[in-house]
*Asks:* 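Have a look at the structure that comes next, please.
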Amino acid sequence: MTAKIIDGKLIAAQERDELSQKIAADESEDMPVLAVVLVGNNDASRIYVRNKKKAAAEVGIGCEVLEFAESIGENALLEVIDELNDNPHINGIIVQLPLPSHINSLRVLSKIRPDKDVDGFNPYNAGLLACREPEAIVSATPRGILKLLETTGIKLVGKHVVIIGRSNIVGRPVAMLLLNQDCTVSITHSKTENLPEIVYQADIVVAACGQPKLVKKDWIKDGAVVIDVGINRVDGKLCGDVDFDDVLEKASFVTPVPGGVGPMTVAMLLKNTYEAFQKQRLNGNVHKCSCGKNGCHCEHR
Ligand code: NDP
């Protein structure tokens, strides 16, 4: 068997096109605006933020990047989040991770107003997802993974999904999302014994452990779907958590790195932002300024 490659770049482009058409057709004078909080000088974070800003502009979403020095204190950062929460011009707020070690990330993420939490990392949204509440804002990477799985046409109900990784931002929300799709979900991590044997039982493997090319073909059952979330740099080259060339002959579908989950994450973040904007507008939370210009700093509401 040679696996079909799931073209995340193409699917993400279709998602962004669809979104951009919706935003263009929206007759409102307001435009959705995403605020990105960036702390410190992490090169990878800067690249991610630049890509998000560019993608937002292309679909018609405003993006304000707020940059702070590595040395910013936690309380000062919490105040920034409070201001963004109260700012009616801002519809979505994300904090680019990782934060410096002197800042408690969970405390900062918990401060984001749930209806503006477009990364879905606030424990409130994570809890709603765990409780199968459709109101939850589902974080972008898991949402993108679900979309990629849907494009394969395989029926998810009853499938055994093995997730490698249990982080709050990938492993756990993917597990909840796929459990809510009636999959049978196993979550594995660095202390899991007999990992290859467990992965071999999977109909669908989601690798999100940050270990370059950890998953080999011997781990993969014939015909399994393999979703590679990992982004690793080895000798200056990007690779995932799956040995892509190796698993090609065992899997039915596989995502490449780059060009798989990564572009979907950005597309779904934009979708979350637009949906947050729509909901806030329905609830009367969006700034309605008589100057007609979004992004203005006047006092009209
Ligand atoms: P974390 O480091 O927060 O979590 C990694 C998880 O993998 C942990 O649960 C850890 O276990 C587990 N793990 C580590 N080593 C092993 C191993 N040898 N065997 C089994 N499990 C292991 O990473 P993230 O969840 O934030 O990210 C995971 C990967 O996905 C990274 O490469 C990251 O860059 C990428 N990523 C990609 C995104 C995209 O859009 N494509 C978005 C977000 C992340 P334990 O809990 O025991 O420590």
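Heavy atoms only: backbone and side chains are in, while hydrogens, waters and symmetry mates are out. Order of listing sets the numbers, starting from 1, for every ligand and every atom in it.
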*Asks:* With a 4.0 Å cut-off, would you call D43 and R233 a salt bridge?
*Replies:* no
*Asks:* Taking distance alone, with N or O pairs closer than 3.5 Å, would you say T188 contacts ligand 1?
*Replies:*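 No, no N or O pair falls under 3.5 Å.
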*Asks:* Counting only heavy atoms closer than 4.0 Å, does ligand 1 sit against the backbone of V229, its side chain, both, or neither?
*Replies:*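 It is both parts that get close, each with some atom under 4.0 Å.
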*Asks:* Would the number of heavy atoms belonging to other residues, nucleotides or ligands and lying under 6.0 Å from NZ of K221 be above 12?
*Replies:* yes
*Asks:* List the closest protein heavy-atom neighbour of atom 2 (O) of ligand 1: residue, atom name, distance to the nearest 0.1 Å.
*Replies:* C209 O, 5.0 Å
*Asks:* Looking only at protein heavy atoms, which one is nearest to atom 29 (C) of ligand 1, and what is the separation?
*Replies:* G210 N, 3.6 Å
*Asks:* Between E74 and K111 (salt bridge meaning N to carboxylate O under 4.0 Å), is one present in this structure?
*Replies:*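 No, no charged N to carboxylate O under 4.0 Å.
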*Asks:* Taking atom 10 (C) of ligand 1 as the point of reference, which of S190, G240, P263 owns the nearest heavy atom?
*Replies:*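 Residue with the shortest heavy-atom distance to the ligand atom: S190.
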*Asks:* Of the protein's non-hydrogen atoms, which lies at the shortest distance from atom 40 (O) of ligand 1, and what is that distance?
*Replies:* T265 OG1, 2.7 Å
*Asks:* Is K53 paired with E67 through a side-chain N to carboxylate O contact shorter than 4.0 Å?
*Replies:*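 Between K53 and E67 there is no salt bridge, as every charged N stays at least 4.0 Å from the carboxylate O atoms.
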*Asks:* Output, in order, the C-alpha distance, side-chain angles, deciding distance and verdict of side chain to side chain contact (heavy atoms under 4.5 Å, CB included) for D203 and V225.
*Replies:* CA-CA 6 Å; D203 302 307; V225 177; over 6 Å; no
*Asks:* Checking contacts here: is it the side chain or the backbone of I231 that comes within 4.0 Å of ligand 1, counting heavy atoms only? Could be both or neither.
*Replies:* both
*Asks:* For T192, state whether at least one heavy atom is located under 4.0 Å from any atom of ligand 1.
*Replies:*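 Flag not set, T192 not near ligand 1.
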*Asks:* So which heavy atom in the protein is nearest atom 9 (O) of ligand 1, and how far is it from that ligand atom?
*Replies:*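 Result: R166 N, 2.8 Å.
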*Asks:* Please report which non-hydrogen protein atom sits nearest to atom 42 (C) of ligand 1, along with the residue it belongs to and the distance in Å to one decimal place.
*Replies:*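 For atom 42 (C) of ligand 1, the nearest protein heavy atom is T141 OG1, 3.5 Å.
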*Asks:* Could you tell me which non-hydrogen atom of I90 sits nearest to which non-hydrogen atom of E64, and how far apart they are?
*Replies:* CD1-OE1, 3.9 Å
*Asks:* Within a distance under 4.0 Å of any heavy atom of G262, pick out the atoms of ligand 1 and give their elements.
*Replies:*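 This gives 40 (O), 41 (N) as the contact atoms.
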*Asks:* Does ligand 1 have a heavy atom under 4.0 Å from the side chain of N232, from its backbone, from both, or from neither?
*Replies:* side chain
*Asks:* By number and element, which atoms of ligand 1 are closer than 4.0 Å to a non-hydrogen atom of I164?
*Replies:* 20 (C), 21 (N)
*Asks:* So that I can tick it off, tell me whether E58 and K54 are bridged by a salt bridge, with the cut-off set at under 4.0 angstrom between side-chain N and carboxylate O.
*Replies:*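 The answer is yes: the pair qualifies as a salt bridge.
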*Asks:* State the atoms of ligand 1, each with its element, that fall below the 4.0 Å cut-off from a heavy-atom position in L195.
*Replies:* 19 (N), 20 (C)
*Asks:* Counting each atom of ligand 1 from 1 as listed, which ones have a heavy atom of G165 under 4.0 Å away?
*Replies:*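 Taking each heavy atom of G165 in turn, ligand 1 has 6 (C), 7 (O), 9 (O), 12 (C) under 4.0 Å.
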*Asks:* How long is the gap from CD1 on I187 to CE on M176, to the nearest 0.5 Å?
*Replies:*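 Going from the CD1 atom of I187 to the CE atom of M176 covers 5.5 Å.
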*Asks:* In the protein, which heavy atom is nearest to atom 27 (O) of ligand 1, and how far is it?
*Replies:* V170 CG2, 4.3 Å
*Asks:* Report the member of Q211, R172, R233 with the shortest heavy-atom distance to atom 15 (N) of ligand 1.
*Replies:* Q211
*Asks:* What's the separation between atom CD in E197 and atom OG1 in T192, rounded to the nearest 0.5 Å?
*Replies:* 11.5 Å
*Asks:* Nearest protein heavy atom to atom 1 (P) of ligand 1, by residue and atom, and its distance?
*Replies:* S167 CB, 4.1 Å
*Asks:* Give a yes or no on whether the backbone of Q211 and the side-chain of D241 come within a donor-acceptor separation of less than 3.5 Å.
*Replies:*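 Yes: the side chain of D241 pairs with the backbone of Q211.
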*Asks:* On a heavy-atom basis, I'd like to know which of I227, L97, I169 is closest to atom 26 (O) of ligand 1.
*Replies:*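 When every heavy atom of I227, L97, I169 is considered, I169 comes closest to atom 26 (O) of ligand 1.
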*Asks:* Any chance NZ of K216 has more than 12 other-residue heavy atoms, nucleotides or ligands included, within less than 6.0 Å?
*Replies:* yes
*Asks:* When you look for heavy atoms under 4.0 Å from ligand 1, do you find them on the side chain of H189, its backbone, both, or neither?
*Replies:*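 Both of them.
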*Asks:* Decide, yes or no, whether a salt bridge links R113 with D115 under the criterion of side-chain N to carboxylate O below 4.0 Å.
*Replies:*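 Yes, this pair counts.
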*Asks:* May I ask you to decide if I137's main-chain N or O and N125's side chain share a donor-acceptor pair within less than 3.5 Å?
*Replies:*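 At least one qualifying donor-acceptor pair exists.
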*Asks:* Out of curiosity, is G171 lining ligand 1, as in a heavy atom under 4.0 Å away?
*Replies:*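 False for this residue.
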